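None of these values were measured; they are calculated from a predicted model. Both counts, for ligands and for their atoms, begin at 1 and track the order of listing.
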Amino acid sequence: MDYLSITGPCRLQGEIRVSGAKNAALPIVAATLLSDEPCSIENVPEVADIRTLLRLFEKLGSRYLLEDHTLTIDNEEITNTVATYDIVKTMRASILVLGPLLARFGRCEVSLPGGCAIGQRPIDLHLKALEQMGASIEIKNGYVVATAPEGLRGARIIFDKITVTGSENIIMAAALAKGKTELINVAKEPEVVQLCEVLAEAGVEIDGIGGDELTIIGTDREALKLKPIKIIPDRIEAGTYLCAAAITYGTVTLNSVRSDHLDAVTAKLHEAGCRIESEGESMTLYPAARLKAFELSTTEYPGFPTDMQAQFMALATQAEGVSIIEERLFENRFMHVSELQRLGASIHLKGHTATLNGPIQLLGADVMATDLRASSALVLAALAASGVTNVHRIYHLDRGYEALHEKLKTLGAKIERLKE
Ligand code: UD1
């Protein structure tokens, strides 16, 4: 197992390129199941979650090549519609094959993902919506067994809660269903929007893209012809590097980025005293004279993303005053708190709210990554801490950050990837 050894404090300086968005690539790769022709996807991030999904596709009978961030994938001869436990347990987002497999083949089995480090994370809303579209769903031996021998039919679906992968699953299912599907209270994340755009480009009639109500006219199981696709930049990776610049009082430019997807994040960085300039596909963060405390609550897009909560908690350790961070989406997404405390952070946790006092001179220590974004918060804190911090269990980081330690090295961080 690898770990990262980081010597701080440092001041990051320079330019890096932001990779394609993992959370956009996952549903779009899943959507290729709606097509029976080869298709090509550019700007695919080469991260562990994408490799896990491709391993699943291999088991389904798909043929593909991922080279230089371009994925060519051919799902003409899908021979199997079972997503097995060994893969789903390593990546919950495997559930994204449920909607497209069922819509195209009328039957599939997907292992139930179960809970995870950040909370219970049920998939009841995915299943309820598919039932409304005529699927019959049973839970057998830990698997969701879904059947719709005559195909899915359009329905009016009101999501009780906003769910990102739930919306994506049902959007894909609706694309091949018979008739009109209306989705109310659908997620509006840029990754959901790109999925809709890809389907619309392929000829599916979709109204309301970018809003919280969608109307989709399905093709009645006629396979789609997907046009070449380029994955949007990863807004969470970009936000993480903006925080890395801010916490080290450095000046960093990000290239290949969509600043309009980062409004809630940049607003908080402004509140903390940083200045951000955006031009075309570039953004530069200029440091605060002194970081100031801030308050934030996580919520659905366009609000502040839960996937940036941990990184802002690291930042708050260096901000002057009392910062308040409220997590509203996941009940247990505070695993990084105790690790940040090992570095000396002053954090008081009560229910869904963390209160931080800053600034604190953090001191290097051994810490353990617990989930993807929590891990990046530990890396940010290590950049500001004095001395050596070893971040263990970085397989969590590898799930979603492409070449993180090389990118940070380019920016001047003293960071090594070592074997335990
Ligand atoms: C996606 C993202 C993840 C991000 C999250 C919230 C991907 C691959 N992952 O996860 O990075 O942190 O959105 O922005 O895109 N819920 C239910 N029932 C359901 C589905 C969800 O109760 O059937 C609840 C969840 O427990 C959670 C909330 O709804 O409290 C939002 O979860 P959801 O948007 O579904 O998260 P994911 O799609 O799993």
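Salt bridge annotation for Lys59-Asp86: present, with a cationic side-chain nitrogen under 4.0 angstrom from a carboxylate oxygen. Lys409 and Glu406 are not joined by a salt bridge, as no carboxylate oxygen comes within less than 4.0 angstrom of a charged side-chain nitrogen. With respect to Asp307 and Arg333, a salt bridge is recorded, a charged nitrogen being found less than 4.0 Å from a carboxylate O. Using a cut-off of 4.0 Å between Lys/Arg side-chain N and Asp/Glu carboxylate O, Asp371 and Arg399 are scored as not salt-bridged. Ion pairing of Lys230 with Glu42 is absent here, as no side-chain N (NZ or NE/NH1/NH2) approaches a carboxylate O to less than 4.0 Å. With salt bridges taken as basic N to acidic carboxylate O contacts below 4.0 Å, none links Glu201 and Lys227.
Looking at Phe330 next to ligand 1, no N or O pair under 3.5 Å apart turns up. Checking only distances, Glu168 never comes within under 3.5 Å of ligand 1, N or O to N or O. The shortest N or O to N or O distance between Thr306 and ligand 1 is not below 3.5 Å. No N or O atom of Leu26 sits closer than 3.5 Å to an N or O atom of ligand 1. At under 3.5 Å, a nitrogen or oxygen of Asn23, whether backbone or side chain, sits near a nitrogen or oxygen of ligand 1. Checked by distance only, ligand 1 and Ala93 stay at 3.5 Å or farther apart across all their nitrogen or oxygen atoms. The N/O atoms of Leu125, backbone and side chain alike, include one that comes under 3.5 Å of an N/O atom in ligand 1. Among the atoms of Asp124, some N or O lies under 3.5 angstrom from an N or O of ligand 1. In terms of N/O distances under 3.5 Å, ligand 1 is approached by Thr163.
When side chains are defined from C-beta on, Arg235 does not count as touching Met308, because their heavy atoms never get closer than 4.5 Å. Counting only heavy atoms from C-beta outward, the side chains of Ser346 and Thr317 never approach each other to under 4.5 Å.
Comparing heavy-atom distances from atom 21 (C) of ligand 1 across Pro122, Gly166, Ser94 singles out Pro122 as nearest. The heavy atom nearest to atom 3 (C) of ligand 1, considering only Ile162, Val192, Asp307, Leu127, is found in Asp307. Nearest to atom 27 (C) of ligand 1 by heavy-atom distance, out of Leu372, Asn169, Leu329, is Leu329.
Remark: ligand 1 atoms within the under-4.0 Å shell around heavy atoms of Arg333 are 12 (O). Taking every non-hydrogen atom of His126 and a distance limit under 4.0 Å, the qualifying atoms of ligand 1 come out as 23 (O). Those atoms of ligand 1 with a heavy atom of Ile123 less than 4.0 angstrom away are 19 (C), 23 (O).
Counting only N and O atoms by type, the side chains of Lys188 and Ser167 include no donor and acceptor under 3.5 Å apart. Inspection of the Glu15 and Thr253 side chains reveals no N or O donor paired with an N or O acceptor under 3.5 Å.
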